[in-house]
A.B. asks: 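Quick one: structure below, then a few questions.
Bear in mind the structure is a predicted one, so any value in this text is a computation, not a measurement. Residue numbers begin at 1 in each chain, while the letters A, B, ... track the order of the sequences. Scope of the values below: all heavy atoms of this structure, side chains included, with no hydrogens, waters or symmetry mates.
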Number of protein chains: 2
Amino acid sequence: MNIKSVAKKAGVSVATVSRVLNHPDAVAPDTKEHILSVMESLDYTPNWFARGLKLNRTGVIALLIPDILDLGYMEIAKGVEDVAHQKKYNIMLCTTEEDRGKEKEQVENFLTRKVDGIILVSSFLKNSDLQQIKKQDVSVVLIGKNEDNTGANLVYTDYKAATSEAVKHMIEIGHRKIGMIYGTRPKLENMDKLEGFKKTLMEEGLNYRDSHIVEEENSIEGGYLAASKLLNQADRPEALFVSSDTMAIGAMEKIKQTGLRIPQDIAVVGFDNLKISGFMEPKLTTVAKPMYRMGLVAARLLFDLMEEDEQKEQEPQEILIQSKLKVRKSCGHQDRLKEIF
Amino acid sequence: MNIKSVAKKAGVSVATVSRVLNHPDAVAPDTKEHILSVMESLDYTPNWFARGLKLNRTGVIALLIPDILDLGYMEIAKGVEDVAHQKKYNIMLCTTEEDRGKEKEQVENFLTRKVDGIILVSSFLKNSDLQQIKKQDVSVVLIGKNEDNTGANLVYTDYKAATSEAVKHMIEIGHRKIGMIYGTRPKLENMDKLEGFKKTLMEEGLNYRDSHIVEEENSIEGGYLAASKLLNQADRPEALFVSSDTMAIGAMEKIKQTGLRIPQDIAVVGFDNLKISGFMEPKLTTVAKPMYRMGLVAARLLFDLMEEDEQKEQEPQEILIQSKLKVRKSCGHQDRLKEIF
DNA sequence: ATGAAAGCGCTAACAG
DNA sequence: CTGTTAGCGCTTTCAT
């Protein structure tokens, strides 16, 4: 079913048919009506390829995330989806599995598929890669740092500051021997957290021990494992800052299994504020990273970029989204324990 | 950068260039080498539209799920993604938000975008809609029932039987006054669970009270609300079968807030076996619905369908995937309490 | 083994 | 307001 058949059956030219699709106001109301009804009767839908071939736009943006099973990433995806849907765009979703090679491959793929824009979450790509992409006239926005990619359009939160806030709170409510668990990925993000952690402790006149800082895979199991290593030590920490809620959940599991109480024996603070964190036992104190918002903002930025088109090379933007400590029970604070959701 | 420039620079015809892409064996090894290197130097990538226009295949399948934030659906997505990736296909992911109108709109959209296949999760589409789609020569596979769609290619689990198994287990370990919480969506799925619930109780010589069966939105909040309604009753149930882990988590929250113990005062059994369910307090007994597997199988079926091409109209297949009760602590069983993950 | 050329379905000048 | 027509970049007969 193509435009020609419609034109024939409607007794008009293909141009007119095309016009009712693309510039409906430029065609007489009654012919329009007529053509529309013919389209209907013929079950006509315009061929996407032919159209794309002409216009060189797909109406598709690509979203590349490390892991589809990570709730945090999906919240980002939701933010992106909401604006894409509103703009009548479709999303092509892909997974990198934290693998730089796979990420590059996928990006190549998107490029040949002529997506109009790409959002990369916790990307491994470097500046040079990014430059390469730009040549193809696709807009790219990054969410979160993973490598050094200054000069890119970036939406991020200040992990160092957020960590600092969390650690200060822990100190304030009386914790002294504070340890840290952090995930292998995303690297730069967690390095920032680590740095913020160490720096804050020092500034507050406390020491940290290297043996109280453990790196593991960013997963429930990773958190569990990390906690095991920590609890096995003769001189174990009395409070734990964990780089993700996911890992914190695993750590809490291990702590409970060991027979220790949270927060009385060990306090735990996570990062991300996953929805589920408010339902753990005890409810997890965590840094609320506004993922949905990041997705939203990144998508908006992307559309801005795409729409301003061939204009003068705009300066790359870096947008900082504030995160915020969400105090619940797991850290031992005594005040706000009554919240439900 | 197009095929013509490559041809010119390589001193061959476009046909030859095209051939090295599509039928590499039909071109002389040295010319091939040469052309390949020219492509490289020109950063040439074939134009997807032009190609699609000719071949009428996109290499994209669409996946339509009700909610991107639901972990269960994402596990399905992962299954689909894994086989798609292996087949070098891309996935276009969209969300229906449990809205029939939106779903139809999205399917239309996919159709004009000429995806090669569609996987619909908990679809609202009816037979007639499905017939409509088939005319467009796209393969469709459904995961899970929501409306009556016999005659479609379907991957599902037997909710009635699964529910029955769960309820029997509850009875076996001594529960008598068993209530049920179920979600508004997906409708048919939950109706099956409801039916299985009632039927099993009757078969086992127990009565159910209508006031002990509560319907709410399928979310943590919905579960919380439903539990409130149940607990407010003078004669409350002593055990709860909940149609999803998500709702069960909300219900457990309410129960704990009320000061009741799980499972001593009220036992809880969920459905889905989300990863997180094993980390709740107490760990949630639940029906393990193999979502990842369903995604995998559905995707494989879809590719089979797509590959058998224009052949004789194959009989639609219905594939049943078994689910299985996962006994943990929340139901009160005394045997297997030691599991970690 | 390679080239010439038709045409996939559509859009946007351009002409009327 | 409508029709004619030239491509968009590619694949694939059909020749050679």
A.B. asks: Measure the distance from CH2 on B:W48 to C1' on C:dC10 and round it to the nearest whole Å.
C.D. replies: 20 Å

A.B. asks: Is the distance from OP1 or OP2 of C:dA12 to the nearest side-chain N or O of A:S18 less than 4.0 Å?
C.D. replies: no

A.B. asks: Rounding to 10°, can you tell me the angle the first-five-pair axis of the helix from C:dA1-D:dT16 to C:dG16-D:dC1 makes with its last-five-pair axis?
C.D. replies: 30°

A.B. asks: Closest to the A:P46 side chain: D:dT12, D:dC10, C:dC10?
C.D. replies: C:dC10

A.B. asks: Can you list every salt bridge (charged side-chain N to carboxylate O under 4.0 Å, His left out) pair that touches residues 77-92 of chain B, not counting sequence neighbours?
C.D. replies: A:E97-B:K78, B:K78-B:D82, B:K87-B:E307

A.B. asks: Please tell me which of the listed nucleotides, D:dG9, C:dG9, C:dT2, lies nearest to the side chain of B:N47?
C.D. replies: D:dG9

A.B. asks: Rounded off to whole Å, could you give me the NZ-to-P distance for the B:K4 and D:dC8 pair?
C.D. replies: 6 Å

A.B. asks: Between B:L55 (CG) and C:dG7 (C1'), how many Å, whole number?
C.D. replies: 13 Å

A.B. asks: Just so I know, are the side chains of A:V60 and A:I91 near enough to count as touching, which here means a heavy-atom distance under 4.5 Å?
C.D. replies: no

A.B. asks: In terms of side-chain heavy atoms of B:V27, which of D:dT11, C:dT2, D:dC1 is nearest?
C.D. replies: C:dT2

A.B. asks: Side chain of B:K54, heavy atoms from C-beta onward: which of D:dG3, D:dG9, C:dT11 has the nearest atom to it?
C.D. replies: D:dG9

A.B. asks: Can you tell me if the side-chain N/O atoms of B:H23 get under 4.0 Å from OP1 or OP2 in C:dA1?
C.D. replies: no

A.B. asks: Any idea which of C:dC10, D:dT11, D:dT2 is nearest the A:T16 side chain?
C.D. replies: D:dT2

A.B. asks: Looking only at the side chain of A:A15 (C-beta and beyond, no hydrogens), which of the listed nucleotides D:dT12, D:dG3, C:dG9 gets closest?
C.D. replies: D:dG3

A.B. asks: Separation of A:L53 atom CG from D:dA6 atom C1', in whole Å?
C.D. replies: 13 Å

A.B. asks: Could you check how far CZ of B:R51 sits from P of D:dC10, rounded to whole Å?
C.D. replies: 9 Å

A.B. asks: Which heavy atom of A:I68 sits nearest to which heavy atom of B:M74, and what is that distance?
C.D. replies: CG1-CE, 3.4 Å

A.B. asks: Between B:D129 and B:R100, is there a salt bridge with N-O shorter than 4.0 Å?
C.D. replies: yes

A.B. asks: Rounded to the nearest 0.5 Å, what's the gap from CG on B:N90 to CD1 on B:I61? Could you check?
C.D. replies: 9.5 Å

A.B. asks: List the steps, then state whether side chain to side chain contact (heavy atoms under 4.5 Å, CB included) holds for A:L142 with A:Y156.
C.D. replies: CA-CA 8 Å; A:L142 304 188; A:Y156 72 109; over 6 Å; no

A.B. asks: Given that B:A50 and B:G11 both sit by DNA chain C, which one's nearest nucleotide is further toward the 5' end?
C.D. replies: B:G11

A.B. asks: Can you tell me the distance, in whole Å, between the NZ atom of A:K8 and the P atom of D:dG3?
C.D. replies: 15 Å

A.B. asks: Round to the nearest Å and state the distance from B:N22 atom CG to D:dG9 atom P.
C.D. replies: 17 Å

A.B. asks: Output the rounded distance in Å from CG (B:N2) to P (D:dG7).
C.D. replies: 14 Å

A.B. asks: Are the side chains of B:I65 and B:I76 in contact, using a 4.5 Å heavy-atom criterion?
C.D. replies: no

A.B. asks: Quick check: on DNA chain C, is the nucleotide nearest B:V14 upstream (toward 5') of the one nearest B:T31, or the reverse? Name the residue that is more 5'.
C.D. replies: B:T31

A.B. asks: Any carboxylate oxygen within less than 4.0 angstrom of a Lys/Arg side-chain nitrogen, looking at A:E189 and A:K289?
C.D. replies: yes

A.B. asks: Which part of the nucleic acid, if any, lies within contact of A:V17, taking any heavy atom under 4.0 Å across all strands shown: a base, the sugar-phosphate backbone alone, or nothing?
C.D. replies: nothing

